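Below, read A as the first sequence line, B as the second, and so on, with proteins coming before strands; counting in each chain starts at 1. What you are looking at is a predicted structure, and each value in this text was computed from that prediction instead of being measured.
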Amino acid sequence: MRWSKLFIPTLREVPAEAEAPSHKLLLRAGYVRQIASGIYVYLYLAQRSFLKITRIVREEMDAIGAQEFYMPALNPAELWQESGRWDQVGQIMFRLKDRNQRDLCLGITHEEGMTDIARRELRSYRQLPQIWYQIQEKFRDEPRPKSGLLRMRQFIMKDSYSFDLDPAAMEVSYKKHYDAYCRIFERCGLKYKIVEASSGAMGGKLSHEFMVLSDAGEDWVVLCSCGYAANREKATSRPSPVEDDSSQHSPEPFPTPGQRTIEDMVKFTGEVAARFIKSLLYVAEDKPVLLLLRGDRQLSESKLAEVLGTDVFRPATPEEAERYLGGPLGFVGPVKLKGVRILAEAGLEGRRNMISGANQKDTHLRYVTPGKDFKAEYHDLHEVVDGDICILCGLRLKVSKSIEIGHVFQLGTRYSDTMGARVLDRAGKQVSLYMGSYGIGLERILTAAIEQNIDADGTALPASVAPFEVILTVTNMEIAALREAGDKLYEEMRSRGIDVLYDDRDERPGVKFKDADLTGVPYRLTLGRKKFEKGLTEILDRSTREMTDVRIERAAGELETRRLRPG
RNA sequence: CGGGGCGUAGCGUAGUCUGGUUAGCGCGCCUGCUUUGGGAGCAGGAGUUCGUCGGUUCGAAUCCGGCCGCCCCGACCA
């Protein structure tokens, strides 16, 4: 393509709306324009990148026997009411009415649509397994779209769904996807981690996320050098050891005027935070729940939701504390409580002679021993923090920010049961299909690739996702010999199938170099006057900045060679 | 939804506190000449309902109120 004929609106200055590095780059390099919060236009360069990413995704999905469909984004409410998600998903779904006041929605994913086809068409185990996928727009009314293409209200997803006879077969389909995802992300040139994830409201058990470590991301992953890797919502850790007084005592009140927080009490008593029982009163579905954590730990509300089986809960108000505990917030504790469910983090089991609130103003208790002085249900409730101990190897864990680029779920029969997707098995019995669902966010692949390769001048994209493979830059189009050599080289590269962007604009060299750096195209082939007179052109590797002079007639061949061994 | 910030030409911004000529500057854009290896120079030129609606005032980008939009932090995130 000749740049002089293209629309690539690069900017010298970053629009004030952009904060995340990839967002700034996408705007400056002329890839995208925003039309509303979380809604973007993909201009020529972005679209070219997406076509390349899409092609990689297609090839790898097709390679595991997946069949491409295209589902409507516009769905009737009935489908979602049958699965129960019409009520379950809440405000994240865009809902609308047609002219006859019938409820419709825009799909957030397509379990319902795919399961609907499956239940209508699949009759026999002989038709299994099936893997169906699509590459299509998803709509989500996010509470807060952010960071350019990282969290949008409309985005492109590759989503696939597997249908199998039993759990073992489902695992085979799951593994196929897992492996295909690895190949996709490798081909896209991404450095990624695979972590155990919680499946959230999707239902199902086993789930993995594919994550690219990046400060621009919004998910937290917990990693250990031994290989342990989990989403923070799911991750667990061992408590670091604490010395407790092991002698026999009974709880004993002592005055602590005005000492409401763990921090206050650490200063007041001189004991370390881990010696305290942090007691949080919550109200879950109108019932009080007392949550106990080690003084130096934070509650993970996602884990709490899993334990409670609901996400309808909140911290109690001061009035509620008085009502349920008989004492004010700040002096809450588990001893001698009646009528309040007590959940404790597992790390409190076996501890002795700790300090807790006494449910009485300005009073705490010492010598509180879990199990002896109060009974609790023990669960994994704490949020893992940097430096916690790995449950597998005992080393320190690291918590890192990351971008979620893919997610695979084993759904089991959650949708086939609710929607009635069954087939006859070998024995002629009706059985629910075992499903999996698998998603890749296409914009996040591009965003992650940009973030991973960003530098002061722009970005250096992997060739597989860059909008072009090469930019051919002629430094001065007014010099006829140079221009003619450029035209000739351009035609030669095109005839060899090299994806080349020919910068034939009547601009000064500086402008062309700056623009080339911005776009992230992996190679720049420069035709400049001095070297041209010696029959030379130069190849610049955008990522390493390495410059190589080659004879003009060999340049196209050299680029082909490099394409075969990228990186 | 809670907290914070912002809205002036395509982009970046000054001016707003303390109301008063024709709303200023840089980049970009158009024309001409010069220039051509890291965002050129000179000359001329076009482009703004100052987010929007209302109020105060002789007079509003500026003061007051409503609304809309965008960004950030948090909540939230199938």
*Asks:* Go nucleotide by nucleotide along RNA chain B from the 5' end; which of A:V14 and A:M477 gets its closest nucleotide reached first?
*Replies:* A:V14
*Asks:* Tell me which of A:P15 and A:T10 sits closer to the 5' end of RNA chain B, going by the nucleotide each one is nearest to.
*Replies:* A:P15
*Asks:* Considering only the P atoms, how many Å lie between B:G65 and B:A78, rounded to the nearest integer?
*Replies:* 39 Å
*Asks:* Between C1' on B:A78 and CZ on A:F409, what's the gap in Å once rounded to a whole number?
*Replies:* 7 Å
*Asks:* Assess the pair A:F185 and A:F210: is the distance between their ring centroids shorter than 6.0 Å?
*Replies:* yes
*Asks:* Heavy atoms under 4.0 Å, any strand shown: does A:R314 hit a base, just sugar-phosphate, or nothing?
*Replies:* nothing
*Asks:* Looking at every non-hydrogen atom in both residues, tell me the closest pair between A:Y282 and A:L291 and how far apart they are.
*Replies:* CD1-CD1, 3.5 Å
*Asks:* Take atom CG of A:L540 and atom C1' of B:G37, then tell me their distance rounded to the nearest Å.
*Replies:* 12 Å
*Asks:* Got a donor-acceptor pair under 3.5 Å from the side chain of A:R28 to the base of B:G39?
*Replies:* yes
*Asks:* Return the value, rounded to whole Å, for the distance between atom CG of A:N476 and atom C1' of B:U36.
*Replies:* 5 Å
*Asks:* Expressed as a whole number of Å, how far does the C1' atom of B:C70 sit from that of B:A40?
*Replies:* 35 Å
*Asks:* Do A:D487 and A:Y502 have side-chain atoms, one donor and one acceptor, less than 3.5 Å apart?
*Replies:* yes
*Asks:* With rounding to whole Å, what would you report as the distance between B:U16 and B:C33 at their P atoms?
*Replies:* 43 Å
*Asks:* Sequence neighbours left out, what pairs pass side-chain hydrogen bond (donor to acceptor under 3.5 Å, both in side chains) with at least one residue falling in residues 70-79 of chain A?
*Replies:* A:Y70-A:E137, A:N75-A:W80
*Asks:* What are the two closest heavy atoms between A:P9 and A:R33, and how far apart are they?
*Replies:* O-NH2, 2.8 Å
*Asks:* For the ring pair A:H208 and A:Y438, is the centre-to-centre distance below 6.0 Å?
*Replies:* no
*Asks:* Between A:D504 and A:S4, do the side chains contain an N or O donor and an N or O acceptor separated by less than 3.5 Å?
*Replies:* yes
*Asks:* Under 4.0 Å between any heavy atoms, over every strand shown, what does A:V511 touch: base, sugar-phosphate, or nothing? Just pick one.
*Replies:* base
*Asks:* At under 4.0 Å between heavy atoms, what does A:D517 touch on the DNA or RNA strands: base, sugar-phosphate, or nothing?
*Replies:* base
*Asks:* Please give, in whole Å, the distance from B:G32 C1' to A:D506 CG?
*Replies:* 15 Å
*Asks:* Flag the pair A:E218 and A:K401 as a salt bridge only when some basic side-chain nitrogen lies within less than 4.0 angstrom of an acidic carboxylate oxygen.
*Replies:* no
*Asks:* Have A:D164 and A:S173 got a donor and an acceptor in their side chains that come within less than 3.5 Å?
*Replies:* yes
*Asks:* Determine the contact category for A:R33: base if any of its heavy atoms lies under 4.0 Å from a base atom, sugar-phosphate if only primed atoms, P, OP1 or OP2 are that close, otherwise nothing.
*Replies:* nothing
*Asks:* Please report the closest heavy-atom contact between A:R524 and A:A516, naming both atoms and the distance.
*Replies:* CD-CB, 3.9 Å
*Asks:* Using the P atom as the reference point in each nucleotide, state the distance between B:C29 and B:C71 in Å, no decimals.
*Replies:* 28 Å
*Asks:* For nucleotides 70-76 of chain B, give me every protein contact, N/O to N/O, under 3.5 Å, one pair per line with atom names.
*Replies:*
from, atom 1, to, atom 2, distance (Å)
B:C70, OP1, A:S37, N, 2.6
B:C71, OP1, A:Q34, NE2, 2.9
B:C71, OP2, A:S37, OG, 2.8
B:C72, OP1, A:S147, N, 3.4
B:C73, OP2, A:R144, NH1, 3.1
B:C73, OP2, A:R144, NH2, 2.8
B:C76, OP1, A:E301, OE1, 3.3

*Asks:* Return the value, rounded to whole Å, for the distance between atom CG of A:L27 and atom P of B:G28.
*Replies:* 19 Å
*Asks:* Find the distance A:F532:CZ to B:U36:P and express it as a whole number of Å.
*Replies:* 18 Å
*Asks:* Please measure how far the C1' atom in B:G41 lies from the corresponding atom in B:U49, and state the result in whole Å.
*Replies:* 37 Å
*Asks:* Would you mind classifying the nucleic acid contact of A:M152 as base, sugar-phosphate or nothing, using non-hydrogen atoms under 4.0 angstrom?
*Replies:* nothing
*Asks:* What is the distance, to the nearest angstrom, from the CD atom on A:E233 to the C1' atom on B:C77?
*Replies:* 9 Å
*Asks:* Using atom P of each nucleotide, how far apart are B:G24 and B:U35 to the nearest Å?
*Replies:* 34 Å
*Asks:* Take the protein atom OH of A:Y438 and the nucleotide atom P of B:A78, then report the distance between them rounded to whole Å.
*Replies:* 19 Å
*Asks:* Check whether any side-chain nitrogen or oxygen of A:R12 sits under 4.0 Å from OP1 or OP2 of B:C11, and answer yes or no.
*Replies:* no
*Asks:* Using the criterion of both pairing distances under 3.5 Å for Watson-Crick and G-U wobble pairs, give all stems of 3 or more consecutive pairs involving RNA chain B.
*Replies:* B:1-7 with B:68-74, B:10-13 with B:24-27, B:29-34 with B:40-45, B:51-55 with B:63-67
*Asks:* Between the base of B:U36 and the side chain of A:R529, is there any donor-acceptor pair under 3.5 Å?
*Replies:* no
*Asks:* So, does the side chain of A:E13 form a donor-acceptor pair with the base of B:G28 at under 3.5 Å?
*Replies:* no
*Asks:* Is the distance between the ring centroids of A:Y133 and A:F69 less than 6.0 Å?
*Replies:* no
*Asks:* What's the gap between B:G20 and B:U62 when it is taken at their C1' atoms, as a whole Å value?
*Replies:* 11 Å
*Asks:* In whole Å, measure the gap between the C1' atoms of B:C63 and B:C17 for me.
*Replies:* 11 Å
